[in-house]
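Below is one structure; the comments refer to it alone.
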Amino acid sequence: MKPTSLTPVSPLPSARPLLVELFTEELPPKSLANLAQAFADGLMTRLAACELLAPEASYKSYATPRRLAIVISQVHASAPAKEVREKVLPVSVALDSEGQATAPLIKKLAALKLSHLTITDLERASDGKNEAFFVTRTVPGAELPNALQTALDETLAQLPIAKTMSYQRPDGASVQFVRPVHGLVALHGEDIVPVTALGLRAGRTTLGHRFLSTGEISLSDAQHYASTLHDKGRVLASYSARRAAIHAQLLACAGNDQVLMPAALLDEVTALVEWPTVYVCHFEEEFLAVPQECLILTMQTNQKYFALTDTNGRLQARFLVVSNLETATPKEIIQGNERVVRPRFADAKFFFEQDKKQPLAERLPLLGNVIYHHKLGSQLQRVERIQAIATQLAPLLGADPLLAARAAYLAKADLTTAMVGEFPELQGTMGMYYARHDGEPEEVGRACTEHYQPRFAGDALPSALISTVVALADKVETLVGIWGIGLVPTGEKDPFALRRHALGVLRIMLEKALPLDLTTLLQIGYAPFASLAEVTNPLPALLTFCADRLRGLLRERGYQIDEIDAVLRDAPTRLDDLTARLDAVRAFAALPEANALAAANKRITNILKKSPGNTFAVQPKLFAENAEQVLHAQLEKLTPIVQTHLAANRYTEALSTLAHLRLSVDAFFEKVMVNSEDEALRTNRLALLTQLHTQMNCIADLSKLAA
């Protein structure tokens, strides 16, 4: 039953801070931030729903490798009682034919603990459909212990835990959680809230830093949780404060150098320490002969170290490590980290020197032993297709076909190197270094790495023309081949990343304003597959697929649906002027004449649909109304101006010129009957509207802007 009114009838008790902490074994570092936020949000939301939070209540979330916690500033011990008006039963069910209470009514009142009430005590009113009995009663508010217990149970059950652990408590009870939990604190002000979770009873004691703190820490109250852990436990409990402290220490230790600190690495390191201290370590300068991407990758991925570069981006022979130990004598910590990284650098140097002994061109046959797909052959066959596509594509973009063919041929060769075998993330990057070592043209080396771009949303596009050609060839080969054998993306499943490849093609064509037709590109991409019986021509489906991706891409860039629909009316496959057209439509839509002209354009479109195939020329001598003469004269005057702007790709100016037609178009529809009974008049007026329609829609379908 849904209450139809809810009114507090008792004052709120005074509010105090509430602390809840779970003390655990080391939590997964990559999940810590999400776990902490979900834990805090879950408790906050559920206690707010019980009306236990003061209006001005706020919260702070805390997370370290060994704890999840929240402190809510103002929480009441109990929620206020309320007057609740509830529907009991429809009158037709509650009363018998003699107007006496039925068994269902008696049973319902008993369930509500209102057996003492009679029919005369109940309110009789309409529930919107039928007459019903209502009762107004006072309901006690939620008590904090009960509400917190429920909130804690529900929140823990719904935490975003990818994989749970099963473990046994000392009493033999089996518990499941992301990591074993050893302590539970729940304090309301200075008082313990008697709740339980994961086999633990709440108390007021916790533990500090694993090495810098000794013994249990008794928390006197909820309010001073963070400061007590800081002073007594050597724990910086706030995730955001700890992250900021690490960031500041890294910058301080870097001096005049630049710190390479990807956000993901900074987040992960923040989740690994409770009392962060940054130390400076060094490695032998001989390792700087190895491509710095290799050294940076192994430092960041394997060791969670922060590399340093000079102001020109050159790697320095020192790095920064974030330790969980603060000591005045960090020599052993520094030497230990230097000792750990040295063998990895030595391996990278060995791989690099060994790989350089065999030129990339000699490695290509090895790709023949690597299956790309059983229906599409080996990686070598794929390379040959990419090369054929790049060779055909290059002249269309003004690139050297021979250079494009060479770049496409060598682009995947580094997949057979020892370095890429050890560090797959370096594919392309190592190809660039090895191509330079082999004396290949710089454009070829750059294409080896840049043909993978863009790898993800927001990634940079290929910077050079040859790289652009090979990038398009690579992506189109994947799109056509994989789609052609029937591996179409479905729902969230897209194992060959066809959506990403399509977006890459569209971004390159759009942002580089390439004078290239998408249909032509796909046809060139299909040509090497034409002889394969397993591959069905996927071009029509791929064009639709790309059109859908294009709409989404344009929406992400802030264009409105009606603007996109207007420009994409005829599914254009040339994208080089698409942005200019969209910007022109947006500028036109802001003009005061836009709404009226868009509505008129929509009306003209509907009229012409009923009279298809009108190819007659306008005959001014047949004009019978001044309004059609004026419209024709103005159209004749403005058309050359519009066409001049179009020829120069000045789309905004072209649409602004068309805006001058508004008054004459309005007058035409007000004064002129298009569908005249006189066939000659009707035909001539339809011809005039056809001419007008052609000019108005020369850039986009303006009718799509009509409200």
Side-chain angles (χ1 to χ4, degrees), residues 19-46 59 61-71 148-187 192-213 215-217 219 225 229 233-240 242-243 264-276 301-304 322-325 492:
L19 161 67
V20 180
E21 182 205 63
L22 282 179
F23 183 79
T24 72
E25 293 185 13
E26 276 70 8
L27 294 162
K30 293 183 179 180
S31 304
L32 182 62
N34 287 337
L35 286 171
Q37 193 62 53
F39 183 71
D41 287 345
L43 292 179
M44 188 77 176
T45 300
R46 288 172 173 83
Y59 77 91
S61 173
Y62 298 96
T64 77
R66 300 200 295 162
R67 72 197 75 233
L68 299 174
I70 180 177
V71 174
L148 180 58
Q149 183 67 69
T150 300
L152 192 55
D153 291 342
E154 293 178 356
T155 297
L156 294 179
Q158 295 182 16
L159 287 181
I161 300 173
K163 187 176 182 180
T164 60
M165 287 183 61
S166 294
Y167 62 97
Q168 281 192 328
R169 297 285 308 146
D171 59 5
S174 181
V175 181
Q176 286 190 330
F177 196 57
V178 60
R179 291 291 185 271
V181 180
H182 299 297
L184 172 64
V185 174
L187 294 178
I192 296 174
V193 185
V195 294
T196 62
L198 304 171
L200 297 166
R201 291 188 174 277
R204 65 170 68 250
T205 60
T206 187
L207 292 175
H209 192 283
R210 188 181 290 278
F211 306 111
L212 301 178
S213 175
E216 292 185 341
I217 298 173
L219 300 168
Y225 171 71
L229 277 180
R234 305 288 275 179
V235 170
L236 192 55
S238 169
Y239 183 93
S240 59
R242 202 163 61 254
R243 191 180 192 275
L265 177 60
L266 192 55
D267 289 341
E268 188 172 0
V269 169
T270 302
L272 287 169
V273 297
E274 291 190 316
W275 192 257
T301 304
N302 300 113
Q303 308 305 139
K304 315 306 176 189
V322 180
S323 173
N324 198 32
L325 282 174
E492 296 181 357

To the nearest 0.5 Å, atom OG1 of T45 lies from atom OH of Y59 at 8.0 Å

Atom CZ in R66, atom CG in L22: separation rounded to 0.5 Å?
14.0 Å

When rounded to the nearest 0.5 angstrom, what distance separates CG in L19 from CD1 in I70?
9.5 Å

Taking all heavy atoms of L212 and all of N324, pick out the closest pair and write down the distance.
CD1-O, 4.3 Å

Should L32 and L68 count as side-chain neighbours, where that means a heavy-atom distance under 4.5 Å?
yes

Can you find a pair of side-chain heavy atoms, one from L236 and one from Y62, that are under 4.5 Å apart?
no

Do Y225 side-chain atoms and V20 backbone N/O form a donor-acceptor pair below 3.5 Å?
no

Taking the side chain as C-beta and beyond, is there a heavy-atom pair between P28 and R179 under 4.5 Å?
yes

Can you measure from CG (L35) to OG (S61) and round to the nearest 0.5 angstrom?
10.5 Å

Minimum heavy-atom separation for P276 and V322, please, with both atom names.
CB-CG1, 4.0 Å

Side-chain donor/acceptor of R242 to backbone N/O of T270, under 3.5 Å
yes

Between I217 and S213, the two heavy atoms sitting closest are CD1-OG, 4.1 Å

For P160 and N34, which heavy atoms make the closest approach, and how far apart are they?
CG-O, 4.2 Å

Minimal heavy-atom distance between T24 and P65, with the atoms involved, is OG1-O, 4.1 Å

Check whether R234 reaches the backbone of F211 with its side chain - one donor and one acceptor, N or O, closer than 3.5 Å.
no

Testing the basics here: between V195 and A186, what is the closest heavy-atom pair and its distance to 0.1 Å?
CG2-CB, 3.8 Å

Could you tell me whether the side chain of T206 reaches within less than 4.5 Å of the side chain of L219, counting heavy atoms only?
yes

Any salt bridge (charged side-chain N to carboxylate O under 4.0 Å, His left out) involving residues 20-32? Give me the pairs, sequence neighbours left out, ordered by first then second residue.
E21-R67, E26-R210

Find out whether L159 and V178 are in side-chain contact, i.e. whether some heavy atom of one side chain is under 4.5 Å from a heavy atom of the other.
no

Evaluation steps, side chain to side chain contact (heavy atoms under 4.5 Å, CB included), between L265 and K304
CA-CA 7 Å; L265 177 60; K304 315 306 176 189; 4.2 Å; yes

So do Q149 and T196 actually touch side chain to side chain, heavy atoms under 4.5 Å?
yes

Rounded to the nearest 0.5 Å, what separation is found between the OG1 atom of T205 and the CD1 atom of I192?
8.0 Å

By the side-chain hydrogen bond (donor to acceptor under 3.5 Å, both in side chains) test, which pairs, at least two apart or in different chains, include something from residues 161-174?
S166-Q176

Nearest 0.5 Å, please: how far is CZ in F23 from CG in L200?
11.5 Å

